[in-house]
Amino acid sequence: MITVKNLQKHFGKLEILKGIDLEIKKGEVVVVIGPSGSGKSTFLRCLNLLEEPTGGEITFEGQSITAKKHDINQTREKMGMVFQQFNLFPHMSVLQNITLAPLKVKKQQAAEAEKIAVDLLRTVGLEDKRDAYPAQLSGGQKQRIAIARALAMQPHVMLFDEPTSALDPEMVGEVLEVMKKLAEQGMTMVIVTHEMGFAREVGDRILFMDGGYIVEQGTPAEVFGNPQHARTQDFLSKVL
Ligand code: ADP
Ligand code: MG
């Protein structure tokens with residue numbers, strides 16, 4: 001579904017991504033771990049061109065999205081993204097938050113957009129919150145709405161950047177549950193997280209990033225159970 005070849009990202013003289021190679025298959029759940037500052041967010045943001053790569057190539061569903069002539073808006077619609085900060089529109093109800101992009105971008109009919117939104121609210125366990133405003137929701141509820149909002153565009157892949165890092169501990173589980181359900185339904189997902197238990201349970205593949213490289217990758221059993229690289233061992237010894 002996604003192929004990344006020699007992906008590089010520089011900010012001025014600062015080299016952040018130094019040549020990332022990766023293939024992500026349809027239905028695969030790839031979990032990215034690694035220390036702060038290793039380039040995880042930059043990598044995720046390059047995948048949907050929120051950051052413009054300075055080198056290398058990304059293809060998505062057979063099309064080069066880094067080619068000059070590529071229409072990025074078309075690709076972004078197919079890539080849902082969930083951030084650490086939920087970024088809900090505060091002046092809009094839950095239902096309006098979820099239906100905004102489908103109405104404006106996908107030109108869906110109001111009744112259809114609403115039906116999809118209500119189905120998604122059920123998926124994330126918040127069907128009773130359709131008319132609530134973000135300020136009336138807990139952090140965990142806001143993040144579940146942010147996930148529903150991303151899903152409303154019917155994306156082919158979901159990118160998550162530390163979706164539970166801003167949450168109080170008691171709310172982390174409810175968000176991870178929703179993500180686990182999505183994974184079980186076959187959604188292709190790339191997830192940056194520090195939740196190692198979740199990574200081990202839900203990830204098909206773990207990537208360990210450090211210093212702008214993928215230092216090591218493998219199944220959860222391989223990476224957590226028998227890390228090969230000293231940097232992976234050192235990182236895991238601090239977080240497990
Ligand atoms: P991670 O998500 O693994 O913590 P990031 O991808 O956010 O790492 O950041 C990697 C490095 O890139 C950091 O040193 C950060 O300061 C730098 N960086 C990120 N975005 C920018 C930017 N827009 N301009 C300059 N430096 C940046
Ligand atoms: Mg980050």
Side-chain angles (χ1 to χ4, degrees), residues 2 4-22 24 29-58 60 65-66 72 75-76 79-88 139-140 142-143 146-147 150 155 157-169 171-172 175-176 178-179 188-200 202-203 205-218 220 223-224 227-240:
I2 302 175
V4 178
K5 280 193 193 136
N6 194 27
L7 175 66
Q8 294 164 50
K9 178 66 185 175
H10 304 175
F11 291 108
K13 288 205 176 104
L14 218 56
E15 275 187 84
I16 304 302
L17 301 180
K18 299 175 183 166
I20 304 262
D21 292 286
L22 183 66
I24 299 170
V29 177
V30 175
V31 178
V32 183
I33 63 172
S36 179
S38 58
K40 305 181 299 296
S41 294
T42 304
F43 171 58
L44 214 56
R45 294 164 63 81
C46 280
L47 284 183
N48 65 357
L49 304 188
L50 281 179
E51 297 286 359
E52 192 183 344
T54 30
E57 187 182 29
I58 303 171
F60 174 59
I65 64 170
T66 38
I72 184 52
T75 300
R76 281 210 191 111
M79 295 184 167
M81 184 139 183
V82 174
F83 303 89
Q84 186 172 332
Q85 299 302 336
F86 331 112
N87 306 321
L88 297 177
K142 281 184 211 170
Q143 192 58 301
I147 294 171
V157 57
M158 286 283 283
L159 310 176
F160 292 89
D161 193 0
E162 299 198 29
T164 60
S165 294
L167 299 176
D168 291 333
M171 294 172 188
V172 169
V175 172
L176 295 180
V178 168
M179 293 167 63
T188 310
M189 298 161 73
V190 186
I191 305 166
V192 175
T193 187
H194 295 295
E195 294 292 332
M196 297 300 153
F198 173 83
R200 190 190 278 258
V202 178
R205 186 152 45 121
I206 308 295
L207 306 182
F208 172 69
M209 274 186 74
D210 194 14
Y213 294 103
I214 296 173
V215 171
E216 181 163 351
Q217 60 175 302
V223 173
F224 290 114
Q228 297 300 302
H229 202 288
R231 283 195 276 173
T232 320
Q233 292 164 5
D234 179 55
F235 175 75
L236 291 176
S237 75
K238 288 173 184 152
V239 298
L240 287 181

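Numbering of ligands and ligand atoms starts at 1, following listing order. The analysis underlying the following values was restricted to heavy atoms, covering all of them including side chains, and did not include hydrogens, waters or symmetry mates.
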Checklist entry - Given that the side chain starts at C-beta and the backbone is N, CA, C, O, which of these parts of Ile16 lies under 4.0 Å from ligand 1, counting heavy atoms, or is it both or neither? => result side chain
Checklist entry - Does Lys40, backbone or side chain, put an N or O under 3.5 Å from an N or O of ligand 1? => result yes
Item to check | Lys9 (side chain) donor-acceptor with Glu52 (main chain) under 3.5 angstrom | outcome: yes
Next on the checklist: Could you report the tightest heavy-atom contact between Cys46 and Leu17, atom names first, then the distance?
Outcome noted: SG-CD1, 4.0 Å
Checklist entry - Counting heavy atoms only, which of Cys46, Ser38, Gly37 comes nearest to atom 14 (O) of ligand 1? => result Gly37
Checklist entry - If we only count heavy atoms from C-beta on, is the Phe43 to Ile214 side-chain gap below 4.5 Å? => result no
Item to check | Ile191 backbone acceptor or donor facing Lys40 side chain under 3.5 Å | outcome: no
Checklist outcome for this item: Closest to atom 5 (P) of ligand 1 (heavy atoms only, candidates Leu14, Ile33, Thr42) is Thr42
Next on the checklist: So, 4.0 Å and heavy atoms of Gly212: is ligand 1 close enough to count as a contact?
Outcome noted: no
Checklist outcome for this item: A student checking ligand 1 against Pro35 at a 4.0 Å heavy-atom cut-off should list atoms 3 (O)
Item to check | Contact summary for Met209 and Val32, nearest pair of heavy atoms | outcome: SD-CG1, 3.9 Å
Checklist entry - Which protein heavy atom lies closest to atom 7 (O) of ligand 1, and at what distance to 0.1 Å? => result Ser41 CB, 3.6 Å
Item to check | ligand 1 to Gly39 polar contact by distance, N or O atoms, under 3.5 Å | outcome: yes
Checklist entry - What's within reach of the Mg ion (ligand 2), meaning protein N/O/S atoms under 2.8 Å? => result Ser41 OG
Checklist outcome for this item: Here the pair of heavy atoms bringing Arg76 nearest to Leu50 is NH2-N, 4.0 Å
Checklist entry - Any side-chain heavy atom of Phe224 sitting closer than 4.5 Å to one from Ile206? => result yes
Checklist entry - Can you name the closest pair of heavy atoms from Leu88 and Lys142 and give their distance? => result CD1-O, 3.8 Å
Checklist entry - Right, does atom 16 (O) of ligand 1 have protein non-hydrogen atoms nearer than 4.0 Å? => result no
Item to check | For the student: nearest non-hydrogen atoms of Pro220 and Gly203, plus distance | outcome: CG-O, 3.2 Å
Checklist entry - Taking side chain as C-beta onward, heavy atoms only, is Val202 less than 4.5 Å from Leu176? => result no
Next on the checklist: Using a 3.5 Å cut-off on N or O atoms only, is Phe11 in polar contact with ligand 1?
Outcome noted: no
Item to check | Side chains of Glu162 and His194 in contact at under 4.5 Å (non-hydrogen atoms) | outcome: yes
